[in-house]
Participant: 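Here you go, one structure.
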Amino acid sequence: MFKNMMMYRIQPGWDAQAVDMEAALDKARFEECGASQEKSIGWVEPRGEQHGPLMEIVAGQRICKLIVEVKAIPSSVIARKANERSAQIEALEGRKPGKKELREIKEDLKISLLPMAFTKQSSVWVWIDPAANFLVIDAASQARADEVISLLVKCLDGFGVTLINTSVSPAIAMAQWLTTQEPPPDFSVDRECELKAQDESKAVVRYARHPLDTDEVRLHIEGGKAPTRVAMTWGDRVSFVLTDALQIKKLAFLDVVFEGASSGKDDGFDADVAITTAELQKMIPDLLQALGGEAVLA
């Protein structure tokens, strides 16, 4: 279910009832792009059942699913057709279009080509833990997470979040773990990392499937390269890549997590949600503690 995680604290004072959330999300239900529409974003049924609820509650956890659909027209196609039209204007009128007119030509071409463009859909899982005032978004980029938050704020009255910050920055903590080879309790450092120079060179060194307990890694860090990504495993149960922006990438649950799990008569959705959120409810506090705990805002 979750492959990435961006973590937020829900601002105090918000306490929407489940029925209120369902009605609010329904106002932004996903609809496919119209003929001349470039992008559409909205909520769909997490369980995949048509006309089902837009918010599922499993073991007290609220799960939503967002769909983003875009129509993409290759810029090379627009540029080629714009050049053709520009050449026609020059041949007929004896002048070359100016920059402003050329921009307008490209915009007109884009609009005319949209009905023929193929659509591409992507989904984003959203997890709300109301008891812990916690929001997790399965987004690979900050821009996509911002889209999700903007729609949540628009749909849910009084809803607001703050990005979680820790007392110790992930970059500093990761550098210490790699240098001392002493990861925090219940965590191990795996065989993948990225180091980036902080000077103008912006030199990058990447290790994949490579031991990190070497003098070479330590010397890179001592020479001024800061870790931007480090692969880790928590409790021999969950593996992930931690970034210097406190984002979780490549989240994966090891086989032991699902041993003995049974989906019963349902589609397995409830079991997946219950198991994964239960694991993450334990792992996230441990990770934040390893980074000195949440920073207290002044």
Side-chain angles (χ1 to χ4, degrees), residues 1-6 8 24-52 54 63-127 135-156 161 163 194 202 204 206 228-229 241 243 245 247-251:
M1 180 174 289
F2 283 83
K3 301 298 183 185
N4 309 280
M5 291 199 311
M6 292 193 184
Y8 300 81
L25 296 179
D26 189 62
K27 297 176 182 178
R29 184 182 288 269
F30 172 74
E31 296 182 359
E32 293 184 353
C33 289
S36 59
Q37 187 178 358
E38 188 175 359
K39 186 175 184 178
S40 179
I41 181 171
W43 306 104
V44 297
E45 299 84 350
R47 200 181 291 272
E49 297 176 352
Q50 194 172 10
H51 307 304
L54 295 175
I63 301 294
C64 308
K65 187 178 182 181
L66 191 77
I67 292 291
V68 179
E69 182 179 81
V70 295
K71 288 184 175 181
I73 302 173
S75 57
S76 59
V77 174
I78 295 178
R80 175 170 54 82
K81 290 186 173 294
N83 289 335
E84 292 173 356
R85 187 169 297 183
S86 178
Q88 290 174 353
I89 293 174
E90 186 175 2
L92 293 173
E93 303 179 16
R95 65 177 183 85
K96 290 185 177 181
K99 291 182 178 180
K100 180 180 179 182
E101 185 177 2
L102 195 57
R103 285 197 300 268
E104 292 173 349
I105 289 173
K106 289 182 177 180
E107 188 61 30
D108 290 342
L109 285 168
K110 185 178 182 180
I111 293 173
S112 66
L113 291 171
L114 275 175
M116 297 177 286
F118 289 105
T119 59
K120 180 180 179 181
Q121 289 187 356
S122 58
S123 61
V124 183
W125 289 99
V126 178
W127 165 31
L135 168 71
V136 173
I137 300 176
D138 178 21
S141 70
Q142 188 62 58
R144 182 51 51 85
D146 290 343
E147 281 186 316
V148 176
I149 292 171
S150 294
L151 193 58
L152 284 171
V153 170
K154 181 179 179 181
C155 292
L156 307 176
V161 297
L163 189 62
E194 179 181 277
K202 302 298 181 185
V204 176
R206 294 186 179 93
T228 56
R229 298 163 64 96
V241 172
T243 77
Q247 298 173 4
I248 300 296
K249 308 284 188 181
K250 298 184 179 181
L251 183 68

Participant: Under a 4.5 Å cut-off applied to non-hydrogen side-chain atoms, are Ile89 and Ile105 in contact?
Facilitator: yes
Participant: Measure across Ile137 and Ala145 and return the closest heavy-atom pair with its distance rounded to 0.1 Å.
Facilitator: CD1-O, 3.9 Å
Participant: Any pair with a residue in residues 110-124 that passes salt bridge (charged side-chain N to carboxylate O under 4.0 Å, His left out), sequence neighbours left out, goes on the list, sorted by first then second residue, please.
Facilitator: Glu38-Lys110
Participant: Just grab all the salt bridge (charged side-chain N to carboxylate O under 4.0 Å, His left out) pairs involving residues 140-149, residues at least two apart or on different chains.
Facilitator: Lys39-Glu147, Arg144-Glu147
Participant: Nearest 0.5 Å please: distance from the CG atom of Leu66 over to the CH2 atom of Trp43.
Facilitator: 5.0 Å
Participant: Is Glu84 paired with Arg80 through a side-chain N to carboxylate O contact shorter than 4.0 Å?
Facilitator: yes
Participant: With a 4.5 Å cut-off on side-chain heavy atoms, are Glu104 and Lys100 touching?
Facilitator: yes
Participant: Compare every heavy atom of Met1 with every heavy atom of Asp138, then report the nearest pair and how far apart it is.
Facilitator: OD2-O, 3.4 Å
Participant: With side chains defined as the heavy atoms from C-beta onward, is the minimum distance between Gln37 and Leu114 less than 4.5 Å?
Facilitator: no
Participant: Checking Val148 against Met6 for the side-chain contact (heavy atoms from CB on, under 4.5 Å) test, could you report, in this order, the C-alpha distance in whole Å, the side-chain angles of both residues, the deciding distance, and whether it holds?
Facilitator: CA-CA 11 Å; Val148 176; Met6 292 193 184; over 6 Å; no
Participant: Around atom CD of Gln50, are there more than 12 heavy atoms of other residues, nucleotides or ligands at under 6.0 Å?
Facilitator: no
Participant: Just wondering, are more than 12 heavy atoms of other shown residues or ligands nearer than 6.0 Å to NZ in Lys249?
Facilitator: yes
Participant: For a quick test of reading the model, state the closest non-hydrogen atom pair linking Ala139 to Asn4 and the distance between them.
Facilitator: O-CB, 3.4 Å
Participant: Leu135 and Leu152: side-chain contact (heavy atoms from CB on, under 4.5 Å), yes or no, with the steps?
Facilitator: CA-CA 11 Å; Leu135 168 71; Leu152 284 171; 4.2 Å; yes
Participant: For Leu151 and Gly42, work out which heavy atoms get closest and say how close.
Facilitator: CD2-CA, 4.3 Å
Participant: Would the number of heavy atoms belonging to other residues, nucleotides or ligands and lying under 6.0 Å from CD of Glu32 be above 12?
Facilitator: no
Participant: Mark yes when over 12 heavy atoms from residues, nucleotides or ligands other than Lys202 sit less than 6.0 Å from its NZ; otherwise mark no.
Facilitator: yes
Participant: Leu109 and Ala82: which non-hydrogen atoms are nearest, and at how many Å?
Facilitator: CD1-N, 3.4 Å
Participant: If we ignore hydrogens and angles and just use 3.5 Å, is the side chain of Glu194 paired with the main-chain N or O of Arg229 as donor and acceptor?
Facilitator: no
Participant: State which residues pass side chain to side chain contact (heavy atoms under 4.5 Å, CB included) with Glu45; sequence neighbours excluded, sorted by chain then number.
Facilitator: Arg29, Leu54
Participant: Determine yes or no for a side-chain-to-main-chain donor-acceptor pair under 3.5 angstrom, with Lys71 supplying the side chain and Ser36 the backbone.
Facilitator: no
Participant: With rounding to the nearest 0.5 Å, note down the distance linking CG in Asn83 to NZ in Lys106.
Facilitator: 7.5 Å
Participant: Considering all heavy atoms of both residues, which atom of Trp125 and which atom of Pro46 are nearest to each other, and what is their separation?
Facilitator: CH2-O, 3.3 Å
Participant: So, does Ser40 use its side chain to make a donor-acceptor pair with the main chain of Glu31 at under 3.5 Å?
Facilitator: yes
